[in-house]
Asks: 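Below you will find the structure I want to go over with you.
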Amino acid sequence: MKAQLRRATAADLPEIALLDGRAFGFHYGEQELDDLRGVLDPDRFVMVHDGDTLVGTAGSYEFAVTPPGGEPVPAEGVTWVSVAATHRRRGILRTMITELHRGYVEAGVPLALLTASEGGIYGRFGYGVATVNRTVEIDRRQADFRPDVPDPGGVRYAETDEVRERVPDIHRRWCARHPGALSRSAAWWDFTLLDRPHQRRGGTARFHLLHADGYAAYRMDGGTCWVVDFFAATDSAHVALWRLLLALDLVPTIITRAVPADDPLPWLLSDPRVVRTESVADGVWARVLGVPAVLAARRYAVDVDAVLQVHDPVQDRGGRFRLHGGPDGAECTPTAAAPDLHVDIRALGSLAFGGPRALTLARAGLIGAEDPGSGGALLRRFDAACTPDREPRHGTGF
Ligand SMILES: CC(C)(COP(=O)(O)OP(=O)(O)OC[C@H]1O[C@@H](n2cnc3c(N)ncnc32)[C@H](O)[C@@H]1OP(=O)(O)O)[C@@H](O)C(=O)NCCC(=O)NCCS
């Protein structure tokens, strides 16, 4: 086979959808293709042909992602990765990822993100797990607020048009407070709010709950309430929205991914055990393509001054950088000075939003001090500096 790689055009969407549908077990009809035209940018897609046959495709969505304490940075969310079963394990994925990354670097985009169908695929391309998907199940009938917890009120049901008008701003404010939060474009909101039957995964259409500083959407599926979006830009909105959700008579069970490990919800209840973690899995994976841009974009919990040797055997985006950062900002510049810490590029992706502890990654051999004796204190400081005051949450699946 002589694989030919090229960029996609708008006319390629039906062929791309056919291949992707085969990989993920879905048939796209005319309606679905029309819906997708708003959110899929063909310029961001590559295609691999064997003769006239499309055998590989991959692309990305344009996002901005919030680093801990900093302003959002541009990121490409790699998606629609599909290789025909007839042509698997011949290097087509590798060819496509290499081309996509090359394009991101050329465009000055410092981060590539993705969600993985299988956990064993993307580490080899320099990605590390940066956020997690935690699914919790709430025994609503046993979920009583502590008597001293206020009831701020202010939540009401809304219809789709009002959500489209008001919720993007609430979501932007939520993103500003949450490391790892992914932006949503107007086109993304339009697509989300189409809420077609195939987007519902067997549940009802969305019910929208609106607060001046928060938004929640849920679906009903039998007796179970699935909270599919939950964004509270203030702690008061968080309490108000949960008060409403936990007041849904006739609902025995609420399931959601919107309660991270450090969410205050269990602490607001008389019996924290009613919020039960059902599963924790990798969420967004991050691949650092611009080390200085990513490390300088975030704030650090304590002052840190260290020379990092970043190892990127895959794509040569590593090197030696001096990081000087603290609660008010950071600088990261190439240097020839002797290294203090060695950091694997995958670990840097994991640390981009402050997900796992740097000390945990060090125990896994992905970070290490140049001098294991004297470097221990610096490693602990780096760990403290990188740990944000909130667990990262991406908030948008893709
Ligand atoms: C996953 C998929 C894209 C891989 O495509 P591919 O062209 O077969 O991959 P490549 O031949 O380029 O493989 C590149 C490397 O990844 C490895 N790899 C590929 N798929 C893998 C998997 N599912 N699990 C573990 N390793 C995998 C290969 O062994 C190879 O390793 P090496 O080069 O380091 O030795 C393809 O099998 C597919 O389309 N699967 C169904 C849809 C899907 O899961 N897409 C991913 C969405 S996130």
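Counting convention: from 1, in listed order, for ligands and their atoms alike.
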Asks: For atom 14 (C) of ligand 1, what's the nearest protein heavy-atom neighbour? Residue, atom name and distance, please.
Replies: Phe125 CZ, 4.1 Å
Asks: What is the nearest protein non-hydrogen atom to atom 18 (N) of ligand 1, stated with its residue, atom name and distance?
Replies: Arg124 NH1, 4.0 Å
Asks: Which residue in the set Leu248, Ile254, Thr256 passes side chain to side chain contact (heavy atoms under 4.5 Å, CB included) when paired with Tyr218?
Replies: Leu248
Asks: Is the closest protein non-hydrogen atom to atom 35 (O) of ligand 1 under 4.0 Å?
Replies: no
Asks: Nearest protein heavy-atom contact for atom 25 (C) of ligand 1: which residue, which atom, what distance?
Replies: Gly120 O, 3.7 Å
Asks: Please identify each residue that fulfils side-chain contact (heavy atoms from CB on, under 4.5 Å) with Ala297, with sequence neighbours left out.
Replies: Pro67, Val73
Asks: Tyr122 heavy atoms, cut-off 4.0 Å: which ligand 1 atoms fall inside?
Replies: 46 (C), 47 (C), 48 (S)
Asks: What protein heavy atom is closest to atom 46 (C) of ligand 1, reported as residue, atom name and distance in Å?
Replies: Ser117 OG, 3.3 Å
Asks: Please determine which of Val302, Leu359, Ile367 meets the side chain to side chain contact (heavy atoms under 4.5 Å, CB included) test together with Asp383.
Replies: Leu359
Asks: Before we go on, tell me: are the rings of Phe24 and His198 under 6.0 Å apart, centre to centre?
Replies: no
Asks: Side chain, backbone, both or neither: which applies to Thr115 and ligand 1 if a contact is any heavy-atom pair less than 4.0 Å apart?
Replies: backbone
Asks: Do the ring planes of His171 and Phe231 sit parallel (below 30°), tilted (30 to 60°) or perpendicular (above 60°)?
Replies: perpendicular
Asks: Check ligand 1 against Phe24 and write out every atom of the ligand that is under 4.0 Å from a heavy-atom position of the residue.
Replies: 42 (C), 43 (C), 45 (N), 47 (C)
Asks: Considering only heavy atoms from C-beta outward, does the side chain of Glu99 approach that of Met96 to under 4.5 Å?
Replies: no
Asks: Would you indicate which of Ile121, Val83, Ile92, Thr98 comes nearest to atom 38 (C) of ligand 1 when only heavy atoms are counted?
Replies: Val83
Asks: Is the shortest N/O to N/O distance between Glu118 and ligand 1 below 3.5 Å?
Replies: yes
Asks: For ligand 1, indicate whether the residue Arg90 contacts it via side chain, backbone, both or neither (heavy-atom separation under 4.0 Å).
Replies: backbone
Asks: If I apply the N/O under 3.5 Å rule, does Leu93 come out as touching ligand 1?
Replies: yes
Asks: Decide yes or no on salt bridge (charged side-chain N to carboxylate O under 4.0 Å, His left out) for Arg184 and Asp229, but give the supporting numbers first.
Replies: CA-CA 12 Å; Arg184 292 187 182 183; Asp229 262 343; 2.9 Å; yes
Asks: Please confirm whether the backbone N or O of Phe125 pairs with a side-chain atom of Arg287, one donor and one acceptor, at under 3.5 Å?
Replies: yes
Asks: Can a non-hydrogen atom of Val78 be found less than 4.0 Å from any atom of ligand 1?
Replies: no
Asks: Identify, with sequence neighbours excluded, every residue that meets side-chain contact (heavy atoms from CB on, under 4.5 Å) alongside Arg320.
Replies: Val307, Gln309, Thr335, Pro339
Asks: Identify the residue among Leu210, Thr234, Asp213 that makes a side chain to side chain contact (heavy atoms under 4.5 Å, CB included) with Ile170.
Replies: Leu210
Asks: Checking ring-ring contact (aromatic ring centres under 6.0 Å, His included) between Phe230 and each of Tyr215, Trp242, Trp174, which is the one that passes?
Replies: Trp242
Asks: Kindly identify the option in Arg94, Arg89, Arg88 whose heavy atom sits closest to atom 28 (C) of ligand 1.
Replies: Arg89
Asks: Any idea which atoms of ligand 1 are less than 4.0 Å away from a heavy-atom of Ser82?
Replies: 39 (O)
Asks: Please check if a non-hydrogen protein atom sits closer than 4.0 Å to atom 40 (N) of ligand 1.
Replies: no
Asks: Atom 10 (P) of ligand 1: which of Gly91, Gly56, Ala58 has the nearest heavy atom?
Replies: Gly91
Asks: Give me the nearest non-hydrogen protein atom to atom 3 (C) of ligand 1 as residue plus atom name, then the distance to 0.1 Å.
Replies: Val81 CG1, 3.8 Å
